[in-house]
Protein chains: 4
Amino acid sequence: MSENENAAASRKGRPRSSTADDAILGATRALLAERGWATLTVGDVAVRAGVAKTTLYRRWASKNELVTAAVADMLGTLELPEDGDLRSDLDSVVRQFAQLLARPEMSSALMGLIADSTRDPELRRRVREAIVEPQKRLVVEGRARARARGEVGVADAIDVDLVFDVIAGTVVHHMLVSAEPAAEEWVGRFVAFVTAGLVGCAPGG
Amino acid sequence: MSENENAAASRKGRPRSSTADDAILGATRALLAERGWATLTVGDVAVRAGVAKTTLYRRWASKNELVTAAVADMLGTLELPEDGDLRSDLDSVVRQFAQLLARPEMSSALMGLIADSTRDPELRRRVREAIVEPQKRLVVEGRARARARGEVGVADAIDVDLVFDVIAGTVVHHMLVSAEPAAEEWVGRFVAFVTAGLVGCAPGG
Amino acid sequence: MSENENAAASRKGRPRSSTADDAILGATRALLAERGWATLTVGDVAVRAGVAKTTLYRRWASKNELVTAAVADMLGTLELPEDGDLRSDLDSVVRQFAQLLARPEMSSALMGLIADSTRDPELRRRVREAIVEPQKRLVVEGRARARARGEVGVADAIDVDLVFDVIAGTVVHHMLVSAEPAAEEWVGRFVAFVTAGLVGCAPGG
Amino acid sequence: MSENENAAASRKGRPRSSTADDAILGATRALLAERGWATLTVGDVAVRAGVAKTTLYRRWASKNELVTAAVADMLGTLELPEDGDLRSDLDSVVRQFAQLLARPEMSSALMGLIADSTRDPELRRRVREAIVEPQKRLVVEGRARARARGEVGVADAIDVDLVFDVIAGTVVHHMLVSAEPAAEEWVGRFVAFVTAGLVGCAPGG
DNA sequence: CGCTAATCGAGACGGTACGTCTGGTCTTCTA
DNA sequence: TAGAAGACCAGACGTACCGTCTCGATTAGCG
């Protein structure tokens, strides 16, 4: 029913070009990587995509929405390693986070979106939904696996939100504020720290 | 010699008005609080400060430099509590950090600066020098006190840079990305986690 | 071919608003009359015309070009009287010239353009093409009529360029440098002088 | 006595540097020649003269006054030739006018001053007094000589103001608007025309 | 096959902020 | 007190983007 209605609604007139969508998001990513958030221009994106500004604004109402879409589109499905333990899961999550932030089109865009979102609740909702939450599921999944492995004490100690804030926040701060790469050795130290924190907080720890 | 020359050089002509400096930084803070980073305008700051744009640009060459100065100026020297222990020191630092970030003129400005600094090494240097490093001394001082109190094992486990990234990053992420207030109870949980991490990493832990 | 291409090229996109042209030139004339050349501001013209600055700059690249267009637009095609003789033709031309210069939007603008054109050959070309030459045709036409009336000797004595310089230059100098109105009586004396000069220069004079 | 009084008056404080006056006027002329009226800057004049802006403004209250002074200062005492007749006097006057206008620092400045003077009666008074009138005396003197030579009829026909407007206006228009040099041959034609006009207007002509 | 309606590229439009420049004044120190 | 130096206010400059709009030209499905 609803399908028919939608179909009926969209059946009239010239359908939107799906290649335009891809071209726009691709151009956005390319320009984010080349020039960063601040100097990214909607007009430039349109030119780079070979598309009229109208076509772009018909799809995304603002630079913020456009960048959110482009970045979200870029996030592949992250995975936990098979047959891991608490520590290797942690290690994997930190590494994957760091890899995301290491992309030039990610770091600049992400901080820009967060900056704007401090004044725009709707944008904050979008950013969390499209970018932040998908990563948080790794922590949830990690806890479920720990529980399944019988590491009940530690698993119960995992406050998903807190652990996520610690992991994401620390990696971001390390890479963007302290401006240091997430080297092998640093990841090891950080994971050790988090592991100790989790174990220390466990009831039976 | 060079000092004398500089002094002589800067003694010529009408000296810069120090009241203008204060008025400009004050206006910047006020507008950051009212409207946030994105909509902050150099021209508006000048008008609000009752100052010509030239006067402003003579001191700070860009919006970024201006905001950096205003934010740095806002960060009074934070203090560790007297007669504390490791846990109360941590608790105090987290609380003070959270209070700073709760100011509307801080959150928006800070993320904006970090976003821009991902593409501007000179800005990153400024931000670290004027904003980040002064707070880091709290961690250094905390370690020194722990050592003085004889908590040698734990003190040696404190990697200043890592601990700072964990504290600052987590608080920022919690408040600005997760957008949750740093409630009494949350601070407790976070401090417990960090303490456990430190103890767990200590050689004799 | 090239014509077709040009036509095709200019057919693309939203066409320029012709009402904007009129509004801009009208506002320019009004502000020239009210405040003169020196205090005329491109921004004020745009505001007065109810038009964005970009719209104005898209058409005229500078204050000089804008004023040239406005002044040229103001110069309706002057006419020689029907059934006149040499003297009445001269009288009419001088009077019409003086009337144009008496308009406050003309005097200030014209001298400003000439001043700038002393340093800007391109502007000089524009001014001559749009403002000076159209009036010169009156002298050419006057000579043709004299010849047609059989005043061959006098007609042959008319050096168009010289006569034009004398008429235009003298009227301008009288009104703008000597700052005297072109009174009835003055026009009479000047026309008598020019007539005598022409007759005196004629071969059979 | 009077010297003593003056000395007493000027004995207070540091006396004004007379070299500064020369340096300023010289710099003004140089910059007028190099860049013209429109792009002449008071600040640049001060720099070129090696003088503070204060020093400049203490002497001349505005760019207009400064340029008027610089141009007036440049006009040497013009002279009529000895033992001439009406025609050679005219020839001389036209030539001297043309030479003045041929200087790049004159043409641009003069038109600029006239443009501004259309809106500023005080400036117009200054310009006439310092620049225009001194030249007009040549016509007065020429008439006196003609009368002394017994050319009474022609001399009485000379309306000084009209003749001056014709000469000055035509030469200016020829050189600055028509943008032609005042060639030998052109001067001859123009002088012939004026002479014919004068003779034709004379009572006994 | 023509009609209707939404889409497309192109580019003009009204606004707003930018960072620079100039005019003319004011304030400090030095001579 | 004048002078050199240079900071100060005020405001115009010409440019760059924003997000909207108006064109003519496509490009579908529906009758």
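Since we're looking at a predicted model, the values are computed, not measured. Order of the sequence lines fixes the chain letters, A, B, ..., with proteins taken first and strands second; residue numbering starts at 1 for each chain.
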Between B:Ser18 and A:Thr39, which has a closest nucleotide on DNA chain F that is more 5'?
B:Ser18
How does protein contact run along nucleotides 20-25 of chain F, one letter per nucleotide 5' to 3', with B for base contact, S for sugar-phosphate only, - for none, heavy atoms under 4.0 Å?
BBBS--
Length of the [atom1]-[atom2] vector between [X] and [N], whole Å:
| X | N | atom1 | atom2 | result |
| --- | --- | --- | --- | --- |
| D:Ile24 | E:dG24 | CD1 | C1' | 15 Å |
| C:Arg16 | E:dG14 | CZ | C1' | 16 Å |
| D:Leu56 | F:dG3 | CG | C1' | 13 Å |
| C:Arg58 | E:dC13 | CZ | C1' | 7 Å |
| B:Arg35 | E:dT16 | CZ | C1' | 12 Å |
| B:Trp37 | E:dA17 | CH2 | C1' | 15 Å |
| B:Arg48 | E:dA17 | CZ | P | 15 Å |

Are any of the side-chain heavy atoms of B:Asp44 and B:Arg35 separated by less than 4.5 Å?
yes
Spatial distance of atom OG1 (D:Thr68) from atom CG (D:Leu113) [nearest 0.5 Å]:
4.5 Å
Nearest to the side chain of [X] - [options]?
| X | options | result |
| --- | --- | --- |
| A:Ser17 | E:dC8, F:dC9, F:dA7 | E:dC8 |
| D:Ser62 | E:dG24, F:dA4, F:dC18 | E:dG24 |
| B:Thr41 | E:dG9, E:dG23, E:dA17 | E:dA17 |

Could you pull out all residues at least two apart from C:Arg119 that satisfy side chain to side chain donor-acceptor pair (under 3.5 Å)?
none
Taking any heavy-atom pair under 4.0 Å as a contact, classify D:Leu40: base, sugar-phosphate, or nothing.
sugar-phosphate
Looking at [Y] and [X], is any side-chain nitrogen of the basic one under 4.0 Å from a carboxylate oxygen of the acidic one?
| X | Y | value |
| --- | --- | --- |
| D:Arg59 | D:Asp21 | yes |
| D:Arg125 | D:Glu122 | yes |
| D:Arg29 | D:Asp73 | yes |

Sorted by chain and residue number, the side-chain contact (heavy atoms from CB on, under 4.5 Å) partners of D:Ala23 (sequence neighbours excluded) come out as D:Ala49
